[in-house]
Amino acid sequence: MYMIINSGSSSIKFKLFSTDKDEKIITEGIAERIGIDGRLVINYQNEEHKFEDKMNDHNIAVEMILKKLLSLKIIENYNQIETVGSRVVHGGEQIKESVVITPETKEIIKKCIKLAPLHNPGALVAIEAFEKIIPNVLQVAAFDTSFHQSLAPEQYLYPVPNSWYDKYEVRKYGFHGISYKYICEHFGKVFKKDVKKLNLVICHLGNGSSVCCVKNGVSFDTTMGFTPLAGLMMGTRSGDIDSSVIEYMVKETNSDVFKITQILNKESGLLGVSEVSSDMRDITAAASQNNSKAQKAFEMYTQRVAQTIVQYLNNLDREKIDGIVFTAGIGENSNIVRQAIIDKINIVNLEIDNKKNLEKYDDFKEISSTKSEIKIYAFRTNEEQMILNDIKKLKKNK
Ligand code: AMP
């Protein structure tokens, strides 16, 4: 079996896949509120098993997940898990693709803790917990940053003194890379196109939102930056603002940089502007009831995505563009958001087919009309599948 895990700052999501050809999902679940009170939910054979038990850290959470998989008889022994694949947020500049976990790769993840202090520590502790509980298990890590290592210095450098980059590693790293890589490979597969020749503008619109310009199959530019706070407006993140606002608000509110940054990460974006919710479903519902703040949040969100699409289309050779792709929670599901974004683009003739935009779909669908100059798609992203694909590739090359 393959175990794919995704460690957040206070959670571990997991999915257990069979190793046979059809790679069925055997079970999935989440350990959450780690470090608070602890809750574990395991879905198995259409039943939800809930446990409430204190989990002080990610190590205890992994122990608890594995113990419950045994007691629920989902696995008979730990050795049935032959490979563990972890999503790690930050691999810095050293890691350009998914890797087998070795002492050296662990050292790199550790070194990147200062760049992703909320996410890398939990991932590392979880990896070490698996090492302890299932010695000799093959472990693989996939990184959110590695897909964007193809960016040229003109894209990844900030116009600040060189020493900020040379000495302090300040640059654009970009995130959501596992999702972007999945979309590229899946797009190539379903349309039988060479991934190395793909030219796409991919909009990963979820609670965290970003856009990636894919040129000749690699990331040419992306909106998130040194951290995921940059770029688009998101569920609770502001996206780009003038950085002078931070010092100004520290002074005006007699606060500190930490608190203001916290507000930009957790209390801004759709939530901050609408004062309704960070969830796009709530925003569109409130906007349709004439809630003016929700309407403003919706306009601001869709305007920013539209502007970025235009900017990124301009990086690509016109005749080689394969399409614009919407993905992640909002991109996959909200026909209203997709329509509003495309309606805000005038420089190129883009048109959505209403009927197609509303149709239910499993994997992907084209939503553009025959009049649209560029094809537009909605694709379901699948980060776990991407990690699984990378595991298989690494095993083959071993
Ligand atoms: P993600 O971060 O990719 O899991 O996306 C989560 C976000 O997707 C939620 O916060 C919602 O805002 C959004 N979402 C999910 N389903 C829908 C939907 N049917 N319509 C609009 N937004 C949705």
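One-based numbering, in listed order, for ligands and for the atoms of each. The structure displayed is predicted, hence computed values, not measured ones.
Taking only nitrogen or oxygen atoms, main chain and side chain alike, Ser278 does not reach within less than 3.5 Å of ligand 1. Polar contact check, Met280 against ligand 1: a nitrogen or oxygen pair lies under 3.5 Å apart.
The nearest heavy-atom contact from the protein to atom 11 (C) of ligand 1 is Asp279 OD1, 3.2 Å. Scanning all protein heavy atoms for the shortest distance to atom 6 (C) of ligand 1 gives Asn207 N, 3.7 Å. Protein heavy atom at the shortest distance from atom 19 (N) of ligand 1 is Asn333 CB, 3.3 Å. Nearest protein heavy-atom neighbour of atom 20 (N) of ligand 1: Arg281 CG, 3.5 Å. For atom 13 (C) of ligand 1, the closest heavy atom belonging to the protein is Ile330 CG1, 3.5 Å.
Between Tyr2 and Phe17, the distance from one ring center to the other does not fall under 6.0 angstrom. No close placement of the Phe175 and His148 rings is indicated, their centers lying 6.0 Å or farther apart.
Within a 4.0 Å radius of atom 4 (O) of ligand 1, the protein contributes no non-hydrogen atoms.
The ligand atoms of ligand 1 that sit less than 4.0 angstrom from a heavy atom of Gly329 are 1 (P), 3 (O), 5 (O), 8 (O), 13 (C), 14 (N), 15 (C), 16 (N), 17 (C), 23 (C). Distances below 4.0 Å separate heavy atoms of Ser334 from the following atoms of ligand 1: 20 (N), 21 (C). The ligand atoms of ligand 1 that sit less than 4.0 angstrom from a heavy atom of Gly206 are 1 (P), 2 (O), 3 (O), 5 (O).
Defined by atom type and a distance below 3.5 Å, a donor-acceptor pair is present between the side-chain atoms of Thr105 and Thr102. A donor-acceptor contact closer than 3.5 angstrom is absent between the side chains of Asp144 and His119.
The existence of a salt bridge linking Glu82 and Lys395 is confirmed by a sub-4.0 Å separation between a basic side-chain nitrogen and an acidic carboxylate oxygen.
Among the candidates Tyr156, Phe226, Tyr173, the single residue satisfying the ring pair (Phe, Tyr, Trp, His ring centres under 6.0 Å) test with Tyr165 is Tyr156.
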task: In sequence, state the C-alpha distance, the side-chain angles, and the governing distance for Asn333 and Arg380, and then conclude on side chain to side chain donor-acceptor pair (under 3.5 Å).
output: CA-CA 9 Å; Asn333 299 307; Arg380 300 218 183 267; 3.1 Å; yes
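Within 6.0 Å of NZ in Lys106 there are more than 12 heavy atoms belonging to other residues, nucleotides or ligands.
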